[in-house]
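Read through the structure below, which is laid out as C-alpha cells, and then see the notes.
Proteins get letters first, then strands, A, B, ... in listed order; numbering begins at 1 in each.
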Number of protein chains: 2
Amino acid sequence: MALPPIHEDTLFMARKRTIDDIARLAGVSKTTVSRVLNNKPDVDPNTRERILRIVKEEGFVPSATAAGLAGGRSHLLGVLVPSFTWPMIPDIVCGIAETIGNTAYELVLYSLNDKTRENGEGDIIDHILSTNLVAGILAVLPGQSSKFVIRLHQHGFPVVLIDDQDDPPLVPWIGADNQCGAYDAVKHLLALGHRRIAHIQGPMKYVCSRERYEGYCQALREHGIPVDPALVVEGAFDTVSGRDAAQTFLSLPEDQRPTAIFAGSDLMAYGVLAFAEEQGIDIPGQLALVGFDAIGSSALVRPALTTVKQPFEEMGQRGIEVLLSIIEHSDQQRMNVRPGYTRDFMSPSRARVDEPANAPPLRIQLATSLVVRASCGMQQRSPFSSIKSISR
Amino acid sequence: MALPPIHEDTLFMARKRTIDDIARLAGVSKTTVSRVLNNKPDVDPNTRERILRIVKEEGFVPSATAAGLAGGRSHLLGVLVPSFTWPMIPDIVCGIAETIGNTAYELVLYSLNDKTRENGEGDIIDHILSTNLVAGILAVLPGQSSKFVIRLHQHGFPVVLIDDQDDPPLVPWIGADNQCGAYDAVKHLLALGHRRIAHIQGPMKYVCSRERYEGYCQALREHGIPVDPALVVEGAFDTVSGRDAAQTFLSLPEDQRPTAIFAGSDLMAYGVLAFAEEQGIDIPGQLALVGFDAIGSSALVRPALTTVKQPFEEMGQRGIEVLLSIIEHSDQQRMNVRPGYTRDFMSPSRARVDEPANAPPLRIQLATSLVVRASCGMQQRSPFSSIKSISR
DNA sequence: CTGAAAGCGCTTACAG
DNA sequence: CTGAAAGCGCTTACAG
C-alpha cells in the first residue's frame with residue numbers, strides 16, 4: 001500500500017508513477033483516471049478537476065506504450081522520406097517536426113537510402129505495417145507515389161502524400177501548384193523580352209514535372225509562341241542532367257539557341273550554371289536562367305538563382321494536420337464497427353465504414369511564389385542584402 | 001482454435017499474427033517462441049529452426065509495443081536535434097537514420113525549435129523521459145551539452161552526445177578533432193605565404209570553438225608568429241556575425257589588416273564573402289578565406305570555399321553504434337540487479353551497477369580533412385568539375 | 001457518474 | 001530443453 005518514495009529530483013520523478021498511483025492518490029479507480037486522461041465524457045467535474053490536479057502535481061505522463069497496446073491506438077506518426085540528399089527534405093521535415101511537437105504524438109522517422117530505394121520500398125512499408133507501431137504515415141515520395149502507399153490507403157490505413165502525387169489521384173495529397181509556379185516563371189522571362197525560352201523538364205513520370213511543363217506551354221501559348229521541341233529536354237532533377245541539357249541547348253545553331261532557360265529544379269539549374277561557367281557564357285548577360293524549388297543554396301550560387309519557391313515547411317505542416325484529421329476520423333469510425341474488427345483494417349467491413357469508396361481524396365495545393373534574383377537579368381540584388389550588420 | 005483466415009494480400013498478412021499463432025503453428029508454448037525471437041539460449045536446435053521457419057513463412061513481426069511493455073525494454077531510439085536550420089543536421093541525421101535502419105530499432109525524432117530552445121530544453125528531456133518511450137538518446141546539442149543530458153547520464157540513462165562536448169567530459173561523446181582541423185587549415189594558409197591570418201571564433205562557450213582557436217594558435221606558434229588579439233574576433237557561427245567580423249578586420253589600418261581569414265564555421269565565412277562582394281574586395285586575390293564544416297553549399301558559393309570537412313554522417317553512424325552498445329551493456333547489467341529495481345534507473349543501487357562512477361566517459365574523436373577550393377588562392381578548380389557529362 | 005474485470009501481445013522468473 | 005502463470009500499464013465493454 002505504501003507509495004514509492006518521493007525523490008528529490010523532479011526531473012526523474014515522473015518516470016515511476018502509474019495510473020494506479022494516481023487513482024489511489026485521487027481515491028478513484030483507474031478506469032476513472034483513464035477517462036479523464038482521455039477526455040472522455042461522463043466524469044464528475046469535481047472528480048475530473050481533482051485528478052487533473054494530481055496528475056499535474058505528480059508530473060504524471062501515461063505510458064504511450066501501454067496505452068497503445070491496450071487501446072490499439074498508437075501515438076506515433078510515421079514519416080517516410082527519401083534520402084536526405086534531396087535538398088528540400090530538411091525543410092519539409094522541419095515543418096513536420098514542428099507541427100508534431102505541438103501535438104501529443106511522436107515522430108518516427110523512416111528513410112529510404114539508395115539501397116532500399118526502388119525494390120526495398122515495399123519492404124519498408126511492410127516493416128512499418130507489421131511492427132504496427134505508427135497510427136499513420138506521411139510519405140514524401142518523389143515518384144509514382146508507390147502502389148504500396150495506394151494499397152495502404154485503400155485498406156483504410158491513414159496515409160498522406162507530400163510533393164509528388166499519383167495520377168489519377170487516389171491518396172490524400174499536399175503539394176505545390178506546380179503549373180502555376182512554372183507559368184509565373186516563364187511569364188517573367190517573357191516580360192523580360194525573351195522569346196526563345198528552353199525548358200529542362202523533370203522526369204516526366206512524375207506528375208509534378210508534367211504540370212510544370214504544362215505551365216511552361218501555357219505561358220508560351222498566351223504569347224502566341226509555339227513550343228519548339230528542340231527547346232525541351234527531359235532531365236532527372238539532378239545537376240548532371242541539367243548540365244547535359246545546357247550543353248544540348250547551347251550546341252544549337254546560333255539562331256536557334258535559347259536566350260533563357262527555365263529549369264524544372266534548382267539542381268538542374270546548377271548544372272546550367274556549371275556549364276556556363278565552364279564555357280565562359282555570361283549569365284544573365286547571354287543567357288537568363290530560372291529554377292524551381294528555391295532550396296537554400298540557390299541564394300548563394302553566383303549568379304544568385306531566380307527560382308520558384310515551394311512552401312516546403314508549410315507542406316510538412318499541412319501534411320501532418322491532414323494526417324491527424326484522418327487518423328482521428330478513422331478512430332471515430334472505429335467505434336461504430338463491431339468489436340473483433342476493431343484492429344483489423346483489412347476487413348472489408350472496415351474498409352466500407354472508413355470512407356465512401358468513390359469520394360475523391362483530399363488534395364491541398366499550395367501557392368508558389370517567384371523569387372527574383374540575379375540569374376534572370378533583373379537588377380542585381382546581393383543575396384546577402386538581407387543580412388544587416390549588428391552594431392556593436 | 002481456428003486460425004485467422006489467410007488473406008491473399010501478403011502485404012497485410014503479417015499484421016494480425018501474434019506470438020500465440022506462431023506457438024500454435026509450431027506446437028510449442030509462446031515462452032519458447034519468445035526465447036527464439038530474442039535469441040535466448042537453451043532451445044533445442046530443431047525447435048528453434050522450426051519456429052524460425054514458421055515465423056518467416058507467416059511474415060511474423062512481434063509487436064514492439066507489447067515487447068516493450070512486457071520487457072521494460074524499448075526498441076525506440078530517441079534522436080534530439082536542434083533546429084534543422086543548422087546546415088549540418090541533415091548530414092548527421094542521414095548517418096543516424098542509415099545506421100538505425102540496419103538494426104531492429106526505430107528512430108524517434110525530437111527537435112528543438114527556436115521556442116523550445118533555451119528554456120524548453122529541460123521540458124523536452126522531461127517529456128522524453130516521462131513518456132518512457134525510448135531506450136536511449138543521441139543528442140546533437142550545440143551548446144553546453146546541457147545539464148539535463150549530464151543528469152540523464154549520471155542516472156544511468158543511455159545518452160550519447162554528438163558535436164559539442166561538455167567540459168570536463170562527463171558524457172559519452174562523438175565529435176571531430178577540431179583542434180587538428182583548425183591547425184591544418186591555418187598551416188595551409190601559412191604554407192601559401194600568409195603571415196597576418198585572422199580568426200573568427202565560434203562562440204567561446206562551446207568547447208569546439210575553443211579547440212579550433214587552440215589549433216589556430218598552435219599553427220601560428222609553430223611558425224613563430226604571435227597571436228595578435230586584433231586579429232581574433234568572437235562570432236556566433238552565423239552569417240551575420242561573420243560579416244561583422246570581416247568588417248572589423250578590414251577596417252584596420254592597411255598594414256595591420258589580415259591577408260587571410262580562418263572562419264570557425266562555413267556560415268561565418270559566407271559573411272566574409274558577402275562583405276567582400278559588397279566592398280569589391282577580391283577573394284582570394286586580396287584576401288584568402290578558409291571555413292570550417294564543409295557543408296554542402298560551400299562548394300557552390302563563389303569563390304568556392306576552402307574548408308575543414310567534418311565527417312558528419314560518420315558522426316551520426318558512430319553515435320548510434322555507441323548508444324546501442326551502452327544500451328545493450330546496461331541491459332546486461334540490469335539482469336544482475338535484483339528484481340524490483342529492474343526499471344528503476346534512479347535507484348542508487350542501479351547507478352552503482354551501471355558503470356564505475358569514476359570511469360572516464362567514452363570519447364570518439366574523428367579526423368577532419370581539409371577541402372581545398374578557390375577561396376584560399378590555390379589554382380581554381382571548378383566545384384562542378386566532378387560532374388561528368390553523361391554521354392547520350 | 002463510477003468501478004471490477006478482462007484483455008492488448010509480449011517477457012520473465014519459476015518450476016519442471 | 002520447455003511450459004504455465006503472472007505481470008508490464010494501460011483501455012474498454014459491461015454492469016451498476
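- Between the OG atom in S325(A) and the CG atom in L362(A) there is a gap of 7.0 Å [rounded to 0.5 Å].
- Rounded to the nearest 0.5 angstrom, L161(A) CG and W173(A) CH2 are separated by 9.5 Å.
- Between the P atom of dG9(D) and the CG atom of L37(A) lies a distance of 15 Å, rounded to the nearest Å.
- Whole-Å rounding puts the K30(A) NZ to dG7(C) P distance at 14 Å.
- Of all non-hydrogen atoms in I326(A) and P172(A), the two that sit nearest each other are CD1-CG, 3.8 Å.
- To the nearest whole angstrom, the two C1' atoms, one in dG16(D) and one in dT12(D), are 16 Å apart.
- Taking every heavy atom of residues 42-53 of chain A and every atom of DNA chain D, no pair lies under 4.0 Å.
- Legend: residues meeting side chain to side chain contact (heavy atoms under 4.5 Å, CB included) with A67(A), ordered by chain and number and at least two apart, are absent.
- A distance of 8.5 Å separates CD1 of I100(A) from CD of E106(A), quoted to the nearest 0.5 Å.
- For DNA chain C, if you chain together Watson-Crick or G-U pairs that step i with j, i+1 with j-1 and so on, the runs of at least three with distances under 3.5 Å are C:1-3 with D:14-16, C:5-12 with D:5-12, C:14-16 with D:1-3.
- A close approach under 4.0 Å does occur between a side-chain nitrogen or oxygen of S29(B) and OP1 or OP2 of dG3(D).
- Between the CG atom of D20(A) and the P atom of dT11(D) there is a distance of 12 Å, rounded to whole Å.
- Using a 4.0 Å cut-off, some side-chain N or O of R73(A) falls inside it from OP1 or OP2 of dT12(D).
- Remark: the R35(A) side chain and the dG3(C) base include a donor-acceptor N/O pair separated by less than 3.5 Å.
- With the nearest nucleotide of DNA chain D identified for both T32(B) and A66(B), T32(B) has the one nearer the 5' end.
- Following rounding to the nearest Å, R17(A) (CZ) and dG9(D) (P) show an atom-to-atom distance of 13 Å.
- Distances shorter than 4.0 Å separate none of the side-chain N or O atoms of T31(A) from OP1 or OP2 on dT2(C).
- Every residue meeting the side chain to side chain contact (heavy atoms under 4.5 Å, CB included) condition with S34(A), not counting sequence neighbours, appears here in chain and number order: I19(A), N38(A).
- We find that CG of L69(B) is positioned 9 Å from C1' of dG9(C), with the value rounded to whole Å.
- Residue S34(A) places its side chain closer to dT12(D) than to any other of dT11(C), dC10(C), dT12(D).
- In this structure, NE2 of H75(A) is placed 11 Å from C1' of dC10(D), rounded to the nearest angstrom.
- In this structure A23(B) satisfies the side chain to side chain contact (heavy atoms under 4.5 Å, CB included) test together with K30(B), V33(B), sequence neighbours excluded.
- Under the rule for a salt bridge (charged side-chain N to carboxylate O under 4.0 Å, His left out), the partners of R53(B) that lie at least two apart in sequence or sit in another chain are E57(B).
- Residue K40(A) has no polar side-chain atom (N or O) positioned under 4.0 Å from OP1 or OP2 of dT11(D).
- Residues satisfying the side chain to side chain contact (heavy atoms under 4.5 Å, CB included) criterion with T99(B), sequence neighbours excluded, are Q317(B), I320(B), E321(B).
- Among dG3(D), dT11(D), dC10(C), the nucleotide with an atom closest to any side-chain atom of V28(B) is dG3(D).
- When every heavy atom of V159(B) is checked against every heavy atom of L323(B), the shortest pair comes out as N-CD1, 4.1 Å.
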